[in-house]
Amino acid sequence: MTAATLPRTATGRFWALAAALGVVVLAGLGAAHFMEEAGHAITGMNNRIVWGMPHVFAIFLIVAASGVLNVASVGSVFGRTEYKSRAPLSGLLCIGLLAGGLAVLMLDLGRPERMIVAATHYNFTSVFAWNVFLYTGMFAIVAVYLWTLMERRMNGYSGAAGLAAFVWRFVLTTGTGMIFAFLVARQAYGSALLPPLFIVMSLAWGTAVFLAVQAALYAGSDRTIPPEILRRIRNLLGIFIAAVLYFTLVYHLTNAYFAKQVAFTRFILVDGGVYPLLFWGGFFVLGSVLPLVLIWHPRLGTPRSVVAASLLTIVGAFALLYVFIIGGQAWPLEIFPGYATSSTFADGTIAAYAPSLPEVLLGLGGVAIALLIAVVGLHVLPFAPQDDPEARAKASASA
Amino acid sequence: MSEVNTGRRQVLAWGAAMAGVALAPGVTLFELAQARSPEEAASNKVRWGMLVDVNRCASDCDACVTACDQENGLPQTKTPTSAQWIRKVELKDLRTGATKSAPVMCQHCAEPPCVDVCPTGASFKRADGIVLVDRHTCIGCRYCMMACPYQARSFVHEPVTGQKPEVPRGKGCVESCTLCVHRIDRGGTPACVEACAASGHKAIVFGNLNDPNSELSQRIAELRAAPLRPDLRLNQGVRYAGI
C-alpha cells in the first residue's frame, strides 16, 4: 500500500457498518415477506396508485446506478487519468445500486417467487422484458469492466470495456424512461422527453451518490480529496443538476401549453397539495437551487458544501420521483372527456395514497443492499480511489 | 292440348323431397362445423364484443355489477383495494349538466396496451378478441394497470376466499373482466348482459362484431355507437351509444 492509497476500512468499523446495514437489509426482507403473506392491502398502494414507495426507491437506485458509472466513463472514454483512479469505486457502486434497486422491484411484485417465470417467458413488445436484458447485461458488462481495470494484464482492454459500459448505460436509462414514455393514456407520462430526462437525472443523481460515498470514505481516513478532483466532479454535478432543471422545465412548459394537459399541470405544480410542495420545496429549492448555490457560490464549493450539495441532490431526487410516480397516478384517467365522473372505483377523483411502513422499509432495505455491497467490496478489494499526487503533479507540469 | 302428366310431377316432387332429406344432415353438419367444440381453440372467425346503450342504463341500477361479482366470486364490498371487474360510472355533462350512468369494464381492445406492456406475456388476447390474464404467468408487476386507459384492471391485494371453480383467482395477480369466457365457451352470454336484460333495461348487448347481421352489429350501426377514447385507436370490443 502506497502512502497515497486510501486505507481499506478498519476491521472493527467494517463489521459495525456491515452489521448495521445488515439489520436494515433484514428489516427490508421482513417487510417484503409481510407484504407477500398479507398481500399488498397492508401497503398504501391500491388499484389507483399501483406503484408506490418501493418504485420511488427502486427507480432512484436503478437510475443512479447508471449515472454513478459516469466517473468511470470520464476516465476510460474521455481519458482523464484523475478520474481513472476512481473508476473501480464507480463500477462497484453501479453494481451495488443496481442490485439494491432490482431487489426492491422484485420483492414488491405480487408474486416475487415467480421470478423464474419472468426469466423464462418474454414478451418482446414489453419494455419491461427489454429491461430484464438491459439490467442483467449491465451487471455483466460492469463486472468485465472492473476486471479490466483491476487486473493488470487486462488493463489494455479497459478502454473498450469502458466504452461498452458507457453505451450500455445510456441504453439502460433510456429503457427505464421508456417504461413511462410508452404509457399511452396517462397524462403524466407518454412523452418522448422522458428517456432523455431520465438520462440527465441519472448523471446528476449518480454523481451525487459518488461524491457522498467518496466523502464518507475520505472522512474515515486522514487524507483529503485532491482539490482539483473535487473541483472537477463538483462542476460536473452542477452542470447535471442544471440539466435536470432544464428538462423538467421543458416537460412542464409543454404540458402547460396544451389545453388538455393544463388541469394536470396545475395539479402537480400549484394546487395538488403534497405534490406541488414536494416539487417546489423538495426538488426545486432543496434539491436544485440550494445545491447549485453550494457548488458555485464564490465563497462556497468547499468539500463540506459539496457533500451537502450531493446529499441535497439525493433528497431532491426522491421528491421529484415521488411527484412523478405517485402524483402522476393520483391524477384520474380521462375516460369520458367532457364529463365529470364518479364511481365506487374512484373515477374522476384524486387518488389517495399514504406510504406505509413496510413499503418504506423495503425501499430502505434496497438502499442498504447497495451500501452493503459497496462496504464489503471496499473492505475486501482495492476499490477505493488510489491517488498518486507525485505522478499527477508531473503530468500537470508536463501539460 | 295434351293432358298434364300428374304422375311425372309426383315423381319429381318425391325426388326433390328425397334429395332434401338426404342433404339436410350435411347442411346441419356444416353448421355444426362452424360452431366450436370445447376442445377446439378459439377462432378469429368471431370477435366477441358488447354495446352499452347509455340511454337505457339507469343510474340507480347496479344489476350488472352484482351479477358480475356473484358469477366470478368477487368481493361485494367496494374499497380502493378490492377487485372491481365492472363498475357503474356516474357521468355529468360539463356543458349541459345532464347526468347519465354507464357500466365500464375491460374494453377488450384489438390493440390492447396491457398485452403490449406485459413482460411475461401473461396478458394476452384470444383469437376471438377476449383479453385475459394467464394466472400462471402473471408476476404481479402491475405494468398493465399503468397502461390500461380505462382503469379496468384490479390487483388482488388480499388472500382470496370463496373462489368459483370456473374462475380461478389468486393474491398477487392482476385480473379483469373475462367477458365471462367460461359462459361464452359453453354458448352462453356474459352475466352482466343477462342481469341487465332481466332488470328490464337491456342496456348491454352481447354478440359477434364480425357478423354484420348480428343484433350487436346492427344496433351499433343503428345507434352510431363509438368506443371510449376513440382517439387512442385501440379498436375496442365494447362500444358505447349515447355518450
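Note on naming: letters A, B, ... go to the chains in the order of the sequence lines (proteins, then strands), and numbering restarts at 1 for each one.
The closest donor-acceptor contact from the side chain of A:N123 to the backbone of B:V115 lies under 3.5 Å. A:S126 places a side-chain N or O within 3.5 Å of a backbone atom of B:V117 that can act as its donor or acceptor partner. Formation of a donor-acceptor pair under 3.5 Å by the A:R114 side chain with backbone atoms of B:C138 is found in this model. In this structure, A:W51 contributes its side chain and B:M146 its backbone to no donor-acceptor pair below 3.5 Å.
Residue with the most contacts toward chain A among B:G172, B:P119, B:P149: B:P119 (heavy-atom pairs, distance under 4.5 Å). Residue with the most contacts toward chain B among A:N47, A:T125, A:V117, A:N46: A:N47 (heavy-atom pairs, distance under 4.5 Å). No other option in A:G190, A:P337, A:P112, A:S342 has as many heavy-atom pairs under 4.5 Å with chain B as A:S342. The residue among B:L232, B:I139, B:V156 with the most heavy atom pairs within less than 4.5 Å of chain A is B:I139. Note: B:K92 leads B:K78, B:K92, B:K88 in heavy-atom pairs under 4.5 Å with chain A. In terms of non-hydrogen atom pairs under 4.5 Å with chain A, the most contact-rich of B:C141, B:A147, B:G121, B:P159 is B:C141. Of the residues considered (B:S154, B:A83, B:C148), B:S154 shows the highest number of contacts with chain A, using heavy-atom pairs under 4.5 Å. Between chain A and the residues B:L234, B:T81, B:T120, the most heavy-atom pairs under 4.5 angstrom are made by B:T120.
Interface remark: A:I179 contributes backbone and side-chain atoms alike to the contact with chain B (heavy atom separation under 4.5 Å). There is no contact between A:E113 and chain B, counting heavy-atom distances below 4.5 Å. Heavy atoms of A:F336 lying under 4.5 Å from chain B belong exclusively to its side chain. Neither the backbone nor the side chain of B:T99 has a heavy atom closer than 4.5 Å to any heavy atom of chain A. With a 4.5 angstrom heavy-atom cutoff, A:L109 touches chain B via backbone and side-chain atoms both. At a 4.5 Å heavy-atom cutoff, A:M115 makes no contact with chain B through either its backbone or its side chain. With a threshold of 4.5 angstrom between heavy atoms, A:F124 does not approach chain B through any atom at all. Of the two parts of A:A38, only the backbone, made up of N, CA, C and O, holds a non-hydrogen atom closer than 4.5 Å to a non-hydrogen atom of chain B. With a 4.5 angstrom heavy-atom cutoff, B:P80 touches chain A via backbone and side-chain atoms both.
Atom CD1 of residue B:I243 and atom CD1 of residue A:I335 lie 11.5 Å apart, to the nearest 0.5 angstrom. The distance from atom OG of A:S343 to atom CG of B:D62, rounded to the nearest 0.5 Å, is 12.5 Å. The distance from the CZ atom of A:F345 to the OG atom of B:S82 is 7.0 Å, given to the nearest 0.5 Å.
A salt bridge links A:D108 with B:R142; the closest basic N to acidic carboxylate O contact falls under 4.0 Å.
Here the closest heavy-atom approach between residue B:Y143 and residue A:F180 is recorded as OH-N, 4.5 Å. Closest heavy-atom contact between A:G39 and B:K171: CA-CD, 3.9 Å.
Of the candidates B:Q151, B:M145, B:R153, A:V50 forms a side chain to side chain contact (heavy atoms under 4.5 Å, CB included) with just one, namely B:M145.
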Inset, instruction - With side-chain hydrogen bond (donor to acceptor under 3.5 Å, both in side chains) as the test, would you mind laying out the steps for A:T344 and B:Q84 before giving the verdict? - result: CA-CA 9 Å; A:T344 53; B:Q84 299 191 39; 2.7 Å; yes
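Counting heavy atoms from C-beta outward, A:Y339 and B:L94 have side chains that stay 4.5 Å or more apart.
No more than 12 heavy atoms of other residues, nucleotides or ligands lie within 6.0 Å of CZ in A:F34, so this atom counts as exposed by the packing criterion.
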